[in-house]
Asker: 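Would you mind keeping the following structure in view while I ask a few things?
It should be emphasised that the depicted structure is a prediction, and the values quoted were computed from it without experimental measurement. All values below were derived from every heavy atom in this structure, side-chain atoms included, with hydrogens, water molecules and symmetry-related copies excluded.
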Amino acid sequence: MSFTVDDRVLALAGIAQALQQVRRIADTGHSDAAAVRTAVDSVFRVDASSPQEVFGDRHALKAGLRLLHNYFRSQGQDPILPKLALSVLQLERRFVQDGATVNKVASGIERAQRQAGELGDSGHPDVLASLGGLYADTISHLKPRVMVQGNPHYLGQAGVVAEIRALLLAAVRSAVLWRQLGGSYWDFLFSRKAMIEAVDRQLA
């Protein structure tokens with residue numbers, strides 16, 4: 001099955017949107033519930049046949065697509081966000097090469113998905129706590145570690161930390177998807193124009 005640059009920018013938008021929520025909750029203690037559910041649901045849709053199915057539909061990624069739109073036009077307002085995204089892309093490489101960690105994450109995702117089904121809410125605090133704990137026990141031990149800065153008051157709260165870790169897990173999931181769709185660092189050098197056009201199409 002062949003995938004296009006339009007597919008790849010959806011995966012990048014998934015990374016950007018999840019990390020935007022990481023930045024928001026780290027600074028304010030609050031997140032956008034719809035964006036968090038989009039991120040968590042993408043973690044659970046491991047057998048989806050297209051990026052559209054992973055995220056529900058492209059409209060669910062509008063915020064992430066806008067972030068890409070601004071980044072490619074050098075209009076990004078958060079200089080830390082691209083650095084976080086680069087860390088996630090680097091972390092994804094280490095993650096997929098560690099079979100034991102991949103298996104642990106897969107098993108943990110299955111447990112969290114059953115929990116979400118029982119609770120009837122993928123954004124439930126208990127589900128976020130499970131996913132956050134899974135990230136802490138597995139991917140967070142890999143290098144490079146994704147360092148999140150923010151308000152110490154909120155970063156000292158267990159619920160905030162769990163949600164941040166759940167969102168980082170979602171960002172890594174989108175990074176894995178991006179690679180599976182043929183994405184590479186070369187895209188940012190040689191396919192920039194095509195990516196800008198793809199983002200504009202998805203936002204239209």
Side-chain angles (χ1 to χ4, degrees), residues 1-24 31-78 80-93 95-96 102 105-106 109 113 116 122-123 131 135 139 146 164 166-204:
M1 186 179 296
S2 62
F3 295 100
T4 66
V5 66
D6 289 65
D7 295 315
R8 291 197 291 277
V9 298
L10 287 178
L12 284 178
I15 298 172
Q17 188 163 296
L19 293 179
Q20 182 185 46
Q21 292 306 308
V22 167
R23 296 280 295 134
R24 177 176 173 178
S31 59
D32 181 283
V36 171
R37 283 191 179 85
T38 295
V40 171
D41 288 343
S42 74
V43 172
F44 292 150
R45 295 182 183 129
V46 291
D47 295 323
S49 61
S50 71
Q52 288 84 355
E53 287 186 22
V54 170
F55 299 107
D57 62 58
R58 63 189 175 94
H59 299 294
L61 289 174
K62 186 165 285 188
L65 288 165
R66 285 201 194 101
L67 287 169
L68 292 183
H69 177 277
N70 293 338
Y71 166 74
F72 285 127
R73 288 169 171 78
S74 301
Q75 298 171 352
Q77 297 179 344
D78 184 352
I80 295 177
L81 202 56
K83 295 176 183 178
L84 275 180
L86 178 59
S87 294
V88 167
L89 290 174
Q90 293 172 333
L91 182 60
E92 180 270 344
R93 287 288 80 197
F95 169 59
V96 297
V102 169
V105 169
I109 288 172
Q113 188 169 17
S122 59
L131 292 175
Y135 180 88
I139 299 176
V146 180
I164 286 173
L167 287 164
L168 290 176
L169 178 61
V172 172
R173 190 273 181 269
S174 289
V176 171
L177 177 64
W178 181 64
R179 297 280 189 183
Q180 290 173 334
L181 297 172
S184 76
Y185 295 123
W186 295 112
D187 288 347
F188 296 99
L189 292 175
F190 301 119
S191 302
R192 196 177 185 91
K193 183 174 183 290
M195 292 171 76
I196 290 172
E197 292 172 349
V199 170
D200 288 345
R201 282 193 296 271
Q202 296 291 359
L203 282 171

Asker: Which heavy atom of Gly14 sits nearest a heavy atom of Leu61, and at what distance?
Answerer: CA-CD2, 3.8 Å
Asker: Minimum heavy-atom separation for Ser122 and Asp41, please, with both atom names.
Answerer: OG-OD1, 2.8 Å
Asker: For Asp47, does the CG atom sit with more than 12 other heavy atoms under 6.0 Å from it, leaving out its own atoms?
Answerer: no
Asker: Quick one: NE2 on His59 to CG on Leu203, what's the gap to the nearest 0.5 Å?
Answerer: 10.5 Å
Asker: State plainly whether the residues Asp200 and Arg73 are in salt-bridge range, i.e. N to O under 4.0 Å.
Answerer: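 Result for this pair is yes, salt bridge flagged.
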Asker: Decide yes or no for Val5 and Ser191: does some side-chain heavy atom of the first lie under 4.5 Å from some side-chain heavy atom of the second?
Answerer: no
Asker: Atom CZ in Arg201, atom CG in Asp6: separation rounded to 0.5 Å?
Answerer: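 Those atoms lie 4.0 Å apart.
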Asker: Would you sort out whether Arg179 and Arg93 count as a side chain to side chain contact (heavy atoms under 4.5 Å, CB included), showing the intermediate values?
Answerer: CA-CA 9 Å; Arg179 297 280 189 183; Arg93 287 288 80 197; 3.3 Å; yes
Asker: Minimum heavy-atom separation for Arg45 to Phe55, with atom names?
Answerer: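 Result for this residue pair: NH1-C, 3.6 Å.
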Asker: Among Val54, Leu169, Val105, Val172, find the residue that satisfies the side-chain contact (heavy atoms from CB on, under 4.5 Å) test when tested with Val43.
Answerer: Leu169
Asker: Show the nearest heavy-atom pair for residues Ala11 and Ser174, with the distance to one decimal.
Answerer: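 That would be O-CB, 3.5 Å.
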Asker: Before giving the answer on side chain to side chain contact (heavy atoms under 4.5 Å, CB included), spell out for Leu10 and Leu177 the whole-Å C-alpha distance, their side-chain angles and the decisive distance to 0.1 Å.
Answerer: CA-CA 9 Å; Leu10 287 178; Leu177 177 64; over 6 Å; no
Asker: I need the minimum non-hydrogen distance between Ala16 and Leu67, along with the two atoms involved.
Answerer: O-CD1, 3.5 Å
Asker: How far apart are the closest heavy atoms of Gly182 and Asp187, and which atoms are they?
Answerer: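 Closest approach of Gly182 to Asp187, heavy atoms only: O-OD2, 4.3 Å.
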Asker: Would you say that more than 12 heavy atoms from the other residues, nucleotides or ligands in this model lie under 6.0 Å from the CD of Gln77, or not?
Answerer: no
Asker: Rounded to the nearest 0.5 Å, what separates atom CD1 in Ile15 from atom CG in Leu68?
Answerer: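 The CD1 atom of Ile15 sits 9.0 Å away from the CG atom of Leu68.
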Asker: Rounded to the nearest 0.5 Å, how far apart are CG of Leu81 and CZ of Arg23?
Answerer: 7.0 Å
Asker: What do the steps show when you test Tyr71 against Leu12 for side chain to side chain contact (heavy atoms under 4.5 Å, CB included), and what is the final call?
Answerer: CA-CA 12 Å; Tyr71 166 74; Leu12 284 178; over 6 Å; no
Asker: For the CD1 atom of Ile164 and the CZ atom of Arg24, what is their distance to the nearest 0.5 Å?
Answerer: 13.0 Å
Asker: Does any non-hydrogen side-chain atom of Tyr185 lie less than 4.5 Å from one of Leu86?
Answerer: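 Yes, side chains in contact.
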Asker: Report the distance from atom CG of Leu65 to atom CD of Gln17, rounding to the nearest 0.5 Å.
Answerer: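 The CD atom of Gln17 is 8.0 Å from CG of Leu65, to the nearest 0.5 Å.
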Asker: Look at the rings of Trp178 and Phe188 and say which category their plane angle falls in: under 30° parallel, 30 to 60° tilted, over 60° perpendicular.
Answerer: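 Tilted: the ring planes of Trp178 and Phe188 meet at 30° to 60°.
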Asker: If you apply the rule side chain to side chain contact (heavy atoms under 4.5 Å, CB included), what do you find for Gln180 with Val96, and how did you get there?
Answerer: CA-CA 11 Å; Gln180 290 173 334; Val96 297; over 6 Å; no
Asker: Quick check against the 3.5 Å criterion: does Ser42 have a side-chain atom that pairs as donor or acceptor with the backbone of Ala39?
Answerer: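 Answer holds: yes.
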Asker: Determine yes or no for a side-chain-to-main-chain donor-acceptor pair under 3.5 angstrom, with Asp7 supplying the side chain and Thr4 the backbone.
Answerer: yes
